[in-house]
Amino acid sequence: MYGMSGPYVVRGSVSLPEAELMWRFSRSSGPGGQHVNTSDSQVELRFDLARTEALPQVWKERALQRLAGRLVDGVVSVRASEHRSQWRNREAAAVRLAALLAEASAPPPRPRKPTRIPRGINERRLREKKQRADTKRGRSGRDWG
């Protein structure tokens with residue numbers, strides 16, 4: 001029916017090894033009507049982040065630090081139950097885990113270089129501001145009568 005879309009790429013040439021993925025299936029509360037009561041379509045995918053050798057050491061440390069709140073004994077878990085089919089839920093969980101690890105192991109953004117506003121631009125802004133204030137002051141009806 002569906003072909004498993006193979007090694008789940010985290011980033012570049014790094015992907016999640018199938019052997020290190022732990023799958024658990026249970027009854028889902030999601031879509032499926034009476035079918036839901038009889039089939040184990042909910043998927044829980046667990047990945048031992050602390051002990052894996054699949055990720056480069058730097059990525060691993062970054063991910064462990066950023067996902068600290070989500071980890072249980074160094075294991076990160078992802079659930080999927082939005083599809084009726086267990087197969088599609090497996091796909092969804094694996095893709096979600098790969099995306100989570102890609103985001104958590106990404107390098108930090110480059111620090112912003114502070115730039116200075118040229119003096120001419122600032123002076124022009126203040127000049128225009130003063131002009132606008134004068135225009136508005138001229139609209140008040142104080143001197144009319």
Distance (rounded to the nearest 0.5 Å) between [X] [atom1] and [Y] [atom2]:
X     : Y      : atom1 : atom2 : result
Lys60 : Arg51  : NZ    : CZ    : 9.5 Å
Ser26 : Arg79  : OG    : CZ    : 6.5 Å
Trp23 : Arg46  : CH2   : CZ    : 13.5 Å
Trp59 : Leu64  : CH2   : CG    : 14.0 Å
Arg90 : Leu21  : CZ    : CG    : 9.0 Å
Leu67 : Leu100 : CG    : CG    : 5.0 Å

Discussion item. Which residue in the set Gln86, Arg88, Arg24, Glu91 passes side chain to side chain contact (heavy atoms under 4.5 Å, CB included) when paired with Val43?
Written reply: Gln86

Answer yes or no: does atom [atom1] of [X] have more than 12 heavy-atom neighbours from other residues, nucleotides or ligands under 6.0 Å?
X      : atom1 : answer
Glu20  : CD    : yes
Ile117 : CD1   : no
Gln65  : CD    : no

Discussion item. Ignoring hydrogens, what is the shortest heavy-atom contact between Ala106 and Arg66? Give both atom names and the distance.
Written reply: O-NH1, 2.8 Å

Item to complete: For residues Arg96 and Glu82, report the shortest heavy-atom separation together with the two atoms involved.
Response: NH2-OE2, 2.5 Å

Practice prompt. Evaluate side-chain contact (heavy atoms from CB on, under 4.5 Å) for Arg70 paired with Val78, printing each intermediate quantity in order.
Written response: CA-CA 10 Å; Arg70 280 194 70 153; Val78 172; 4.1 Å; yes

Practice prompt. Apply side-chain contact (heavy atoms from CB on, under 4.5 Å) to the pair Asp48 and Asp73, showing each step before the final yes or no.
Written response: CA-CA 8 Å; Asp48 195 340; Asp73 300 329; over 6 Å; no

Discussion item. Would you say Glu61 and Gln57 are linked by a side-chain donor-acceptor pair, where the criterion is simply a distance under 3.5 Å?
Written reply: yes

Item to complete: Verify the distance criterion only: is there a donor paired with an acceptor across the side chains of Arg125 and Asn122 at less than 3.5 Å?
Response: yes

Practice prompt. Could you tell me whether the side chain of Arg62 reaches within less than 4.5 Å of the side chain of Pro107, counting heavy atoms only?
Written response: yes

Worksheet item: Should Leu97 and Phe25 be regarded as members of a common hydrophobic cluster, given that ILVMFWY residues are connected when their side-chain heavy atoms come within less than 4.5 Å of each other, either directly or indirectly?
Response: yes

Discussion item. Main chain of Ser41, side chain of Asn89: is a donor-acceptor contact present, judged purely on distance under 3.5 Å?
Written reply: yes

